[in-house]
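Reading through the structure tokens given below for one structure.
Hydrogens, waters and symmetry mates play no part in the numbers below; they use all other heavy atoms, side chains included.
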Amino acid sequence: MSQNVSPNPTYDVIILGASGFTGKYVIREALKFLNVPSSPLKSLAIAGRNSSKLFQALQWAAHPKPPPQIPILTADTTDPSSLRHLASQAKIILNCVGPFRLYGEPVVEACADSGCDYLDICGEPEFMERMEVKYHDKAVDMGSLIVSACGFDSVPAELGLMFNSRQWLPPAVPNQVEAYLSLESDKRIVGNFATYESAVLGVANADKLQELRRSRPKRPRPAIPGPRPPKGPLLDHLKEVGVWAVKLPSADAIVVRRTLSCLAENPGGLPGVNESTEQIERREAFWSTIKPAHFGVKIASKSLLGVIRFITVGVFIGLFGKTGIGRWLLLKFPSLFSLGWFRKKGPTEEEVASATFKMWFVGQGFSDDSLALQGNRKPDTEIITRVMGPEIGYLTTPIILVQCALILLKERDNLPKGGVFPPGIVFGATDLQDRLQQNGISFDVISKNTI
């Protein structure tokens, strides 16, 4: 396969699955940076199975301007040769074809074989960890950087934790950071059907993820000061921001743990393929400010009734997702079983435009790291930070994915040669947070208190 590596790829970026719900928003976001003087994105193509649908997506994304002259390429996830040809033409493939459990691996394989970089918007832990097991070594050899979860799953969680961590100035140290995610809208909140399908399939394949983890060598765990925090109640009331919350079994906590494990193995971060001495110092200085903590995510609502609704949907997916007939019912009638949160045709443009998210990071720890060594001493300090932005699936996700791609294009020498990694360890020390802030996703310190 190494013969397929192209020294001069035709396109900087190819968006695969560009005619899908999320794909067309990714096109729209990418067009903002195409051939702009300060942008490294000089050539772009879109790809998928149906060229007429791709052209319609391009028209939609360019509106009200006429569609630009962007190549429309044919590729199918069931045709490996078409994917290898695609990967041979691109510096980066942005993969928007989900669920990734069903359609993602052939694209990862093609990129790893071709030395092409790969970013996706996956939020499926089993897929991400399986890709790491199967393709990491090949990706390192071929110089292909493969990074999943470059959307709302899981960059706000990764950068949000790091932002909170950097507020703990020595000798203070965090012990636990709990993220509270609140989705808000003037209209109704409607999610992407592929996200719902991924959750259903995740329940169906939960055993495979555990089996995969048992088969792998244990990774080093980060050293977190102080005792492990207690589990806490099922229902949580965060009085400081006025929300009720319940634990969310999302990919975010898993992806963050993978980044913290990478950091335990590489305390100075991952070396770049061709870094300057100045860049090495900058990278190591950044990672020296990141302090690991126990991390979890909760879904939050201003009303107790909203949280009960979350629990009800979770119970439906958890119970019905374990059997074939149950999964058929869940996927056949998504609006019914999700209590209106998901539907096959997705949200309207008005519903997307009116939605926002807020993600609070409540960090608890010690004002002095020496206190953490004193047996079962409880944390005495709390720092609350917040990440806030537009609708998560169609606005925030494309913003993040495109900014990650722009960083890859501009700073490739400062990033690892290749391998399969979570986004935090790859992009944490870059200017990704600054870029997101310039594009509508804010990072704020809310409070610092003594407990």
Side-chain angles (χ1 to χ4, degrees), residues 1-24 26-27 30 41 43-55 57-58 70-124 126-151 194 197-198 201 398 401-402 404-405 408-409 412 418-421:
M1 293 299 178
S2 59
Q3 291 91 332
N4 288 334
V5 178
S6 171
N8 296 300
T10 310
Y11 308 108
D12 288 332
V13 170
I14 296 176
I15 302 170
L16 178 62
S19 61
F21 278 127
T22 307
K24 66 181 186 178
V26 174
I27 301 174
L41 180 60
S43 55
L44 175 69
I46 59 176
R49 291 180 301 176
N50 187 313
S51 56
S52 64
K53 285 186 178 179
L54 288 166
F55 182 68
L58 180 58
I70 289 176
I72 293 175
L73 311 175
T74 304
D76 192 327
T77 56
T78 63
D79 179 3
S81 64
S82 74
L83 296 175
R84 285 197 296 272
H85 181 60
L86 204 67
S88 71
Q89 298 179 80
K91 290 182 183 176
I92 309 168
I93 285 184
L94 305 184
N95 188 12
C96 303
V97 184
F100 292 86
R101 179 191 312 283
L102 302 180
Y103 308 114
E105 182 171 352
V107 190
V108 171
E109 184 176 20
C111 290
D113 284 341
S114 305
C116 170
D117 290 338
Y118 167 100
L119 304 176
D120 71 30
I121 52 175
C122 175
E124 303 166 41
E126 193 264 342
F127 170 79
M128 293 186 261
E129 295 184 32
R130 184 160 44 86
M131 294 305 96
E132 184 180 1
V133 169
K134 293 184 73 170
Y135 298 105
H136 179 77
D137 291 343
K138 169 60 77 72
V140 170
D141 292 343
M142 300 300 290
S144 169
L145 194 53
I146 293 171
V147 190
S148 284
C150 294
E197 187 179 9
S198 297
L201 295 176
L401 182 64
V402 169
C404 288
L408 270 186
L409 291 173
R412 191 62 183 87
V420 181
F421 298 106

Answer yes or no: is there a donor N or O on one side and an acceptor on the other, between the side chain of D120 and the main chain of C150, under 3.5 Å?
no
Side chain to side chain donor-acceptor pair (under 3.5 Å) against K53, all qualifying residues, sequence neighbours excluded:
none
Would you list the pairs meeting salt bridge (Lys or Arg N to Asp or Glu O under 4.0 Å) in which at least one residue belongs to residues 8-17, sequence neighbours left out?
D12-K91
Between D113 and K138, does a side chain to side chain contact (heavy atoms under 4.5 Å, CB included) hold up when you go through it step by step?
CA-CA 7 Å; D113 284 341; K138 169 60 77 72; 2.8 Å; yes
Determine, for E109 against K134, whether the closest basic-nitrogen to carboxylate-oxygen distance falls under 4.0 angstrom.
no
Please verify the inter-ring angle class for F127 with F100; under 30° counts as parallel, over 60° as perpendicular, anything in between as tilted.
tilted
Heavy atoms of A405 and I92 approach each other most closely as O-CD1, 3.5 Å
To the closest 0.5 Å, what do you measure between CD1 (I46) and CD1 (I72)?
4.5 Å
Do you know which two heavy atoms are closest between L54 and S19, and how far apart they sit?
CD2-N, 3.7 Å
How would you list, by chain and number, every residue that makes a side chain to side chain donor-acceptor pair (under 3.5 Å) with D137, sequence neighbours excluded?
none
Kindly state each residue pair satisfying ring pair (Phe, Tyr, Trp, His ring centres under 6.0 Å) with at least one member in residues 71-95, sequence neighbours excluded.
none
Grab the two heavy atoms, one from A87 and one from C116, that are nearest each other, plus how far apart they are.
O-CB, 3.5 Å
In terms of heavy-atom contacts, A112 and I146 come closest through CB-CD1, 4.0 Å
Taken in chain and number order and not counting sequence neighbours, the residues that satisfy side-chain contact (heavy atoms from CB on, under 4.5 Å) with A75 are L16, S82, L83, L86
Any side-chain heavy-atom pair from D117 and R412 closer than 4.5 angstrom?
yes
To the nearest 0.5 Å, how far apart are SG in C404 and CG in L119?
6.0 Å
Of all residues at least two apart in sequence or in a different chain, which pass the side chain to side chain donor-acceptor pair (under 3.5 Å) check with R101?
E126
Sequence neighbours excluded, the answer for side-chain contact (heavy atoms from CB on, under 4.5 Å) partners of Y103 is T77, V97, P99
With heavy-atom distances below 4.5 Å as the criterion, would you say the side chains of V26 and I121 are in contact?
no
Test side chain to side chain contact (heavy atoms under 4.5 Å, CB included) applied to I70 and I27, step by step
CA-CA 11 Å; I70 289 176; I27 301 174; 5.5 Å; no
T78: which residues meet the side-chain contact (heavy atoms from CB on, under 4.5 Å) condition with it, sequence neighbours left out?
D76
Nearest heavy atoms of T10 and S43, plus distance in Å
O-OG, 3.6 Å
Ring pair (Phe, Tyr, Trp, His ring centres under 6.0 Å) with Y135: which residues, sequence neighbours excluded?
none
Check side chain to side chain donor-acceptor pair (under 3.5 Å) between S144 and all other residues, then give those that pass, not counting sequence neighbours.
none
Not counting sequence neighbours, which residues clear side-chain contact (heavy atoms from CB on, under 4.5 Å) with P71? List them please.
Y11, A45, L73
Test of understanding: with salt bridge (charged side-chain N to carboxylate O under 4.0 Å, His left out), list the residues that count as partners of E132, not counting sequence neighbours.
R216, R219, R258
Between V13 and V402, does the side chain to side chain contact (heavy atoms under 4.5 Å, CB included) criterion hold? Intermediate values first, please.
CA-CA 10 Å; V13 170; V402 169; over 6 Å; no
I want to check something: taking the side chain as every heavy atom from C-beta on, are L145 and V147 in contact at a cut-off of under 4.5 Å?
yes
Any chance you could lay out the side chain to side chain contact (heavy atoms under 4.5 Å, CB included) test for L401 and C96, step after step, and finish with the verdict?
CA-CA 10 Å; L401 182 64; C96 303; 4.2 Å; yes
Do the non-hydrogen side-chain atoms of Y118 and S148 ever get within less than 4.5 Å of each other?
yes
